[in-house]
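We use all heavy atoms of the structure for the numbers below, so side chains are in, but hydrogens, waters and symmetry mates are not. Treat the numbers as computed from the prediction; the structure is a model and nothing was measured.
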Amino acid sequence: MIKQILRKLPRKSQKSDLLDSAGNDSDNHASNSDDGVQCTNFGNKISSRLRVVKRVSSAVFPASIMAGVEAVEPNLSFNNVSNPQKPNLFISKLNLCCEACNSSDPDKGTAEQDLKRRTLIELVDFVSSGSAKFNEAAIAAMCKMCAINLFRVFPPKYRSNTASGEADDEEPMFDPAWSSLQLVYDLFLQFISYSSLDAKVAKKYIDQPFILRLLDLFESEDPRERDCLKTILHRIYGKFTVHRPFVRKAVSNIIYTFVFETERHNGIAELLEIFGSIISGFAVPLKEEHKMFLCRVLIPLHKPKSLGVYHQQLTYCVVQFIDKDPKLANSVITGLLKYWPVTNSQKELMFISESEEILEMISMTEFQKIMVPLFQRIACCLNSFHYQVAERAHMLWNNEHILNLIKHNRQVIFPLIFPALERNSRNHWHQTVLNLTKNTRKMLSEIDDELTLACERKLEEENSQSNEASEKRKLTWERLELAAGFEPAAANLVPTLKPATCSVAC
């Protein structure tokens, strides 16, 4: 009977039993937590800075990324924590470097800057040691820190009012904050170059907007920053294959804006230096996209006035293309003739030097396609009153490969060059150019004396015909002046005559 009464009483649910047991387990775990974590004895000494770092971490990273990430005091050294905790300490130090320094209190701001600098140095040493392990949270924290410290809008004073590079002797401007920026760049470069970095995970954070902001930094007037950016962008291009077409397109857009709109950009030389190594790695035969890059991007870069700043890198890129596909030499020479300067002698010297490098690589077939317009332009350079241009044009004959091309096509080239040499020998003012003209004529005679004499006779005939035409024009004008000489006398008689009476009513 008693058993039947007890069976009818309500029993305690199993859920409450489980909750009670869980509560007891959690209490036991809290009491024994010192056994599992090495640095929990610092729990009572964590400063308010750590609480800020915790809040920033929870706001920056999604819950899916931050799951299982335990905040660690950022002031700890990597040598004082266990290996499992080093990734969390790495993230905590990165979050510490994301904090802006307090400019209102100079003393406090200096202390914060020193702390940030020491932390960055420690991060660089840790990554360069090769013992770092980058999980997704660490990759996201790294990109976040670099974006906060590097991506910025340059003030107007950083942009020159004149065309960039027009004055090559201008002293470069150096960023006063470079000492801290350099550490961030060094850390990011070590991070990008890390062999065990998972590119599939990293590309989610080093994405297209990140790369665009990175390219905007090439506007910096500090050459040290542009040099770091050059190395970083090259490593990104090599590691993240999926971003390569986007990088090429983004750089093309920068150059389009520079050539056709602003003609002002500080990083064209560095961007071309990156593409010099990229072009050397193109597979043969070249894709149509790469040929279009040559024709639409590189060749129009000969137009701006500031060509001298980046001409060396531009020539290297062009030569790399011709080395990959010699048939492109025709397109390049045609583009040079299109943008050939008329009044800028320094640019003309650059064009002659680049033409010489291209002619050293050109095949006979491609040379024959462009030799007439090219040597018509060279003949004009031979007659230039700027003695350096005329002297540089004469030096083309000292190149054995070019001289060989001229010898094989002398029937076409000699008649184009000989009149310019003749005019130089009669009219040029500079003695060095006169001596070079004499040597060049002697060289032409040694190559083909009969053709040289034929060119001389033809020139004499043209001169005699020109003199005859000039005499005819002179006689024609004399007859016109003689006929016009009677008009004043006739004009004096006109007023004395009585006007005729008009019989027709007007």
Side-chain angles (χ1 to χ4, degrees), residues 56 59-60 94-104 106 109-110 112-113 116-117 120 140-167 170-189 191-192 204-237 243 246-274 304 306 309-310:
V56 171
V60 169
L94 288 174
N95 290 333
L96 176 64
C97 295
C98 290
E99 295 182 14
C101 298
N102 187 5
S103 59
S104 60
T110 303
E112 290 178 350
Q113 287 179 1
K116 183 176 179 179
R117 180 177 178 81
L120 286 171
M142 172 65 77
C143 295
K144 171 80 174 179
M145 188 276 294
C146 292
I148 290 175
N149 287 277
L150 299 179
F151 297 161
R152 62 203 189 278
V153 177
F154 297 109
K157 65 180 181 181
Y158 275 70
R159 298 175 184 269
S160 176
N161 293 327
T162 59
S164 174
E166 203 167 338
E170 282 188 4
E171 294 185 1
M173 294 181 63
F174 297 105
D175 196 326
W178 174 246
S179 58
S180 60
L181 289 175
Q182 184 181 15
L183 291 173
V184 179
Y185 277 118
D186 290 344
L187 177 59
F188 190 57
L189 179 59
F191 169 75
I192 290 294
K204 295 194 297 184
Y205 303 97
I206 305 177
D207 53 3
Q208 294 182 2
F210 187 93
I211 293 174
L212 284 177
R213 296 295 302 275
L214 202 66
L215 288 172
D216 289 340
L217 295 177
F218 278 94
E219 275 281 19
S220 172
E221 295 209 12
D222 195 326
R224 300 169 298 182
E225 183 170 11
R226 298 198 303 267
D227 191 61
C228 289
L229 286 166
K230 175 185 67 178
T231 308
I232 289 172
L233 184 63
H234 191 270
R235 298 290 171 82
I236 290 175
Y237 189 91
H243 290 327
F246 176 78
V247 171
R248 293 196 296 267
K249 184 177 180 180
V251 173
S252 299
N253 291 335
I254 291 174
I255 295 177
Y256 291 150
T257 304
F258 168 70
V259 173
F260 300 108
E261 294 182 17
T262 62
E263 289 200 7
R264 289 188 306 182
H265 198 285
N266 295 313
I268 297 297
E270 286 79 11
L271 292 173
L272 289 176
E273 193 168 343
I274 296 170
S306 56
V309 177
Y310 56 84

Here the gap from Leu120 atom CG to Gln113 atom CD, rounded to the nearest 0.5 Å, amounts to 11.5 Å
Minimum-distance pair of heavy atoms, taken over all atoms of Tyr205 and Cys143
CB-SG, 3.6 Å
Look up atom CD in Glu263 and atom CZ in Phe258, then write down how far apart they are to the nearest 0.5 Å.
6.5 Å
State whether the side chain of Ser180 and the backbone N or O of Ala177 hold a donor-acceptor pair below 3.5 Å, judged by distance alone.
yes
Rounded to the nearest 0.5 Å, how far does CG of Leu187 lie from CD of Gln182?
12.5 Å
Check step by step if side-chain contact (heavy atoms from CB on, under 4.5 Å) holds for Leu229 and Tyr185.
CA-CA 8 Å; Leu229 286 166; Tyr185 277 118; 3.6 Å; yes
Shortest non-hydrogen pair, Trp178 vs Asp222, comes out as CB-OD2, 4.2 Å
Side-chain touch Leu233/Glu270, heavy atoms, less than 4.5 angstrom:
no
Where do Glu225 and Ser220 come nearest, in terms of heavy atoms and distance?
OE1-OG, 2.8 Å
Considering non-hydrogen atoms only, spot the tightest contact between Ile206 and His243 and give its length.
O-NE2, 2.8 Å
Would you call Asp216 and Phe154 a side-chain contact if the rule is heavy atoms closer than 4.5 Å?
no
Are the charged groups of Asp227 and Arg224 less than 4.0 angstrom apart, N to O?
no
Using side-chain heavy atoms (C-beta onward) and a distance below 4.5 Å, is Ile236 in contact with Leu214?
yes
Please round to the nearest 0.5 Å and tell me the distance separating atom CG of Leu217 and atom SG of Cys228.
11.5 Å
Any side-chain heavy-atom pair of Leu183 and Arg117 under 4.5 Å
yes
Taken to the nearest 0.5 Å, the spacing of Met142 CE from Phe191 CZ works out to 5.5 Å
Kindly assign one of parallel, tilted or perpendicular to the pair Phe188 and Phe210, based on the angle between their ring planes and the thresholds 30° and 60°.
tilted
Residues His265 and Glu219: closest non-hydrogen pair is CD2-OE2, 3.6 Å
Test side-chain contact (heavy atoms from CB on, under 4.5 Å) applied to Leu181 and Arg152, step by step
CA-CA 12 Å; Leu181 289 175; Arg152 62 203 189 278; 3.6 Å; yes
Taking all atoms of both residues into account, what is the closest heavy-atom pair of Phe218 and Arg226, and its distance?
O-CD, 3.5 Å
Could you give the distance from CD1 (Ile232) to CD1 (Ile211), rounded to the nearest 0.5 Å?
12.5 Å
